[in-house]
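We count residues from 1, following the sequence as given. Bear in mind the structure is a predicted one, so any value in this text is a computation, not a measurement.
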Amino acid sequence: DVTSRTTAFSLKGEGLSIPEIAERLQVNYVLEGSVRSDGDFVRVTAQLIDVANDTHLWSDTFDRELKGIFAIQDEISLAIADVLRVELLGDQIGDIPTENMEAYDLYLRAIRKFDVPNWEKTKEAQELLNRAIELDSEFAYAWAALAGSYGSEITYGELDDSEIDQRLDLAIDAAQRATLLDPTLLTAWSTMGWTNLQRLDWEQAKVFLEHVRGEAPVDSSYADDGGIFYTAVGWFDDATSVLEQAVEFDPEDSVSYSILGRAYISNGQMEKGLAALETSIGQGYAPAYINMAIVHLMNGEPESAKNALKILWSQAPMFTRAAGSTLTGSEYIDLMVDGYFDSGLREEYTRYLPSVESVSLITGSMLLKNSEHLTSWLD
């Protein structure tokens, strides 16, 4: 098992020792090193550390022309595999994604932007990816990353319905282009699954997400959409299976823990669900408070539900009120939670929603057990 790049990079700047890093990532070995470039030349230094006794198993320096960077990657990977006595099939690890080094550099810079999830970084990544595609129109990885960026726009931007529809179309087009160029590129298949989830097209979502599940290694980057899909259609054992593998692979993936918590709860495994949600919240994922609030409501604990939603209100703009509303944030949440137990308060709550399209309506409808409003929103 190899911990994901995103999880490893999440520890950057924390000043941890190698044993501390290994404990956080739940790994037996750590690879560290550096990359320096000078004109058309690059020097890569790498050393492999056995964390059990904090000793070096192997180290080397690679001086190469920049045009041979993929050969260097393979060379380092195979050297490490030899040290670990891991048998690999063949003498190459993957195909060369592009012959254009400038395009590859733009792509690497772009995907680093996604480590900071917000609107600004997403737009910066898109600019870099479009430049990479201009340099190499057959660069499948760049097309796949561009497809994913449209999903990030929907998540972090303030888009109206027509703009969301446009981004979904663009995501499908870019993802299809990526799969035509490289049918093995699972990120593109996953994006097509996610896009169809947004359109509530369960049959198409199933086709793409089941394909990913059948082909993918255990990797949290593909698990969340599958977990959401399986939970939505009631396949709770499938949902928990893929998400359990995801958090084992990436123990600091707060989003997967939140979705796993919801899947456990839907499957009647309340204790496991609470533990997963607490882990997600402890890792700083504020939206997990919504799922935690629902658990409290199911358990008949309105004050605990209110406290969870008020914490969320202070951290993330998940709920909004109609313009001119005289309710404070706390009063708005109180009314929503009390409406779960008193149907007479639900009509009053809906008066304070800003619009039929508001995300507050779908969340509030779930919390209020108001299926009529929920299905109207989905329609």
Linking I/L/V/M/F/W/Y whenever their side-chain heavy atoms sit closer than 4.5 Å, directly or via other members, would [X] and [Y] fall into one cluster?
X: M292; Y: Y340; value: yes
X: V27; Y: F9; value: no
X: F236; Y: I228; value: no
X: L106; Y: V42; value: no
X: I18; Y: L25; value: yes

Is it true that atom [atom1] of [X] has more than 12 heavy atoms of other residues, nucleotides or ligands lying nearer than 6.0 Å?
X: E75; atom1: CD; result: yes
X: D40; atom1: CG; result: no
X: E163; atom1: CD; result: yes
X: E271; atom1: CD; result: no
X: K206; atom1: NZ; result: no

Taking the side chain as every heavy atom from C-beta outward, state whether [X] and [Y] have any atom pair closer than 4.5 Å.
X: I259; Y: V255; result: yes
X: I76; Y: D60; result: no
X: L277; Y: I265; result: yes
X: R36; Y: V44; result: no
X: Q283; Y: S258; result: no
X: N307; Y: H296; result: no
X: L159; Y: R167; result: yes

Please tell me whether [X] and [Y] have a donor and an acceptor in their side chains that are separated by less than 3.5 angstrom.
X: T122; Y: E153; answer: no
X: T45; Y: S34; answer: yes
X: S17; Y: E20; answer: yes
X: D50; Y: T55; answer: no
X: Q47; Y: E32; answer: yes

Show the nearest heavy-atom pair for residues [X] and [Y], with the distance to one decimal.
X: F139; Y: A103; answer: CE2-O, 3.6 Å
X: A288; Y: S280; answer: CB-OG, 3.5 Å
X: L243; Y: S256; answer: CD2-O, 4.1 Å
X: L181; Y: S137; answer: CD1-O, 4.0 Å

So, [X] and [Y], do they make that salt bridge, N to O below 4.0 Å?
X: R131; Y: E134; answer: no
X: R199; Y: D165; answer: no
X: R109; Y: D105; answer: yes
X: D38; Y: R43; answer: no
X: E124; Y: K121; answer: yes

Legend entry - Verdict with reasoning, N100 to E102, per side-chain hydrogen bond (donor to acceptor under 3.5 Å, both in side chains): CA-CA 6 Å; N100 189 307; E102 185 179 353; 5.7 Å; no
Inset, instruction - Check the pair N196, I172 against side chain to side chain contact (heavy atoms under 4.5 Å, CB included), reporting the backbone distance first and the verdict last. - result: CA-CA 9 Å; N196 282 284; I172 283 287; 4.1 Å; yes
Inset, instruction - Show the numbers, then the answer: is there a salt bridge (charged side-chain N to carboxylate O under 4.0 Å, His left out) between K310 and D334? - result: CA-CA 9 Å; K310 287 171 184 176; D334 289 347; 3.2 Å; yes
Inset, instruction - Answer yes if the ring centres of Y257 and Y285 are under 6.0 angstrom apart, and no otherwise. - result: no
Inset, instruction - Start with the C-alpha gap between L297 and F341, add the side-chain angles, then the distance that decides, and say whether side chain to side chain contact (heavy atoms under 4.5 Å, CB included) holds. - result: CA-CA 9 Å; L297 292 174; F341 301 98; 3.8 Å; yes
For the pair [X] and [Y], name the ring-plane relationship: parallel under 30°, tilted 30 to 60°, perpendicular over 60°.
X: Y107; Y: Y141; result: perpendicular
X: W313; Y: Y332; result: perpendicular
X: F229; Y: W235; result: perpendicular

Inset, instruction - Taking side-chain hydrogen bond (donor to acceptor under 3.5 Å, both in side chains) as the test, write out the residues that go with K272, two or more places apart. - result: none
